[in-house]
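Note sheet for the following structure.
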Amino acid sequence: MRIRDIAARVRGRALGAGPLGTDLLVALLVQAAMTMPFVVPRAPELPEATWTSYGLTTLMVLPLVARRRAPVAVLLAVPAAGALYTFTVDGPGQPLPYTGLVAFRTVAELSSPPKRIGIAVLTAAAVLVSVGLGSDDLRELFFSLFVFAAAYAFGRFTVTRRAYLRAVEYRSRQLELTHRIEAEQAAVRERARIAREMHDVLSHAVSLVIVQAEAGPVAVTRALFSGQVGRGPLLQEMFALPDSLVREFGTGKPAAYSAGLSVMRLGGREVRGKTGGRWGYNTAVAATRDLSRTLVYSVNSTDAKGEGMNPTAMNIVVAAFGAPSAG
């Protein structure tokens, strides 16, 4: 297995463990980089690398584990441990201040604007003093300022990228919600359209029954229920009832009205029908779903638009289908 594959697996497991796992992985990588002067061949004039020096490099890396919880404190702890490393054991020098760069980048990412700007100014001053006391080389000064500026920029870039990803995710959720609402509204409009068509179809069918009473009203009703008048989705919508959880307002009874018909339990049978009224008469068509029983009537009435059932019409319905069933 290649080193790159191993690194990818380790990184995936660390990220899966959350922020603490990520910080542990960063600390291990920095520790590996800090260890390089102890494993590469050294010039004879350089001091020998010791386990004491190595232990102090670990002391410099350990604060990185808490870099998210206390970024400023970690940034202050790192140079303190570095000073102990340099002045106590005069350990081998590091090609780059890895721990300082990581801590500085974390401050740029997580600290408030006044705090991170103040830390940036103090860090620049510390770099000037450190290079001035060390080598007084302008190239080293510019390089040190550049790498710390790059760490700061990378920290701010992380914040910007995270905000951008949140905005994209929010926009995606909003678009998904908008599409869902539009789809639901389209479904409602389609149901309303089908209901209007069914109302027109049923009204026309009732008119045919009334006008052509001698021509076979039962045949017209059978044609309506069997799909010869309204086919496919129209026929399905005519018989479809709302979900069983939907109840009638006021009574609490199960919903009994579809887009075109209402349903009643009569004589143990489920009967579907459509009533209509004009001043002077009540009219209805009704049948069982299997058309084993069919009823068409038109009854004179002085209260055609009343809310209650016409007593004469109710007697006809009971004679045809049976008395209303309980429930």
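Computation of the quantities below employed the complete heavy-atom set of this structure, encompassing side-chain atoms and omitting hydrogens, waters and symmetry-equivalent molecules. Quick caveat, the model's predicted, so the values are computed rather than measured. For the single chain, residues carry numbers from 1 onward in sequence order.
A distance of 9.5 Å separates OG of Ser262 from CZ of Arg272, quoted to the nearest 0.5 Å. Between atom CD of residue Glu182 and atom CG of residue Leu177 there is a gap of 10.0 Å, rounded to the nearest 0.5 Å. In this structure, CG on Asp290 lies 10.5 Å from CD on Glu270, to the nearest 0.5 angstrom. Atom OG of residue Ser111 and atom CD1 of residue Ile117 lie 11.0 Å apart, to the nearest 0.5 angstrom. Note: Thr106 OG1 to Ile119 CD1 = 12.5 Å, rounded to the nearest 0.5 Å. Atom CZ in Phe154 sits 8.5 Å away from atom CD in Glu109 (nearest 0.5 Å).
There is no path of hydrophobic side-chain contacts, each under 4.5 Å, that joins Tyr170 to Val168. No continuous path of hydrophobic side-chain contacts links Leu28 to Val102 [ILVMFWY only; heavy atoms under 4.5 Å]. Under the 4.5 Å side-chain heavy-atom criterion for ILVMFWY residues, a single connected hydrophobic cluster contains both Phe321 and Met314. Connection of Leu101 to Phe157 is not established within any shared hydrophobic cluster, with ILVMFWY side chains joined at heavy-atom distances below 4.5 Å, either directly or through further cluster members. Note on Leu122 and Val107: separate hydrophobic clusters, where clusters join Ile, Leu, Val, Met, Phe, Trp and Tyr whose side-chain heavy atoms are under 4.5 Å apart, directly or indirectly.
Residues Leu266 and Gly322 come closest through the heavy atom pair CB-O, 3.7 Å. Arg265 and Gly268 make their closest contact through NH2-O, 3.0 Å (heavy atoms, listed as atom of the first residue, atom of the second, distance). Pairing each heavy atom of Val318 with each of Pro324, the nearest pair is CG2-CD, 4.3 Å. Summarising the geometry of Phe104 relative to Ala151, their closest heavy-atom pair is CD2-CB, 4.2 Å, with the distance given to 0.1 Å. In terms of heavy-atom proximity, Thr99 sits nearest to Val61 at CG2-CG2, 3.8 Å.
Applying the side-chain contact (heavy atoms from CB on, under 4.5 Å) test between Arg105 and each of Leu110, Leu75, Thr158 identifies Thr158 as the sole match.
Atom CZ of Arg173 has more than 12 neighbouring heavy atoms from other residues, nucleotides or ligands inside a 6.0 Å radius.
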>> Pair Thr22, Arg68 - check side chain to side chain contact (heavy atoms under 4.5 Å, CB included), show working.
In response: CA-CA 10 Å; Thr22 303; Arg68 295 176 189 268; 3.7 Å; yes
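Side-chain atoms of Thr160 come within 3.5 Å of backbone atoms of Arg156 as a donor-acceptor pair (strictly under, hydrogens ignored). Between the side chain of Arg293 and the backbone N or O of Ala320 there is at least one donor-acceptor pair closer than 3.5 Å.
Residues meeting the salt bridge (Lys or Arg N to Asp or Glu O under 4.0 Å) test with Glu184, sequence neighbours left out: none.
Between Leu24 and Val65, some side-chain heavy-atom pair lies under the 4.5 Å cut-off. Between Thr283 and Tyr297, the closest side-chain pair of non-hydrogen atoms is not below 4.5 Å.
Judged as a side chain to side chain donor-acceptor pair (under 3.5 Å), the pairs with a partner in residues 114-126 (not counting sequence neighbours) are, in order, Arg116-Tyr152.
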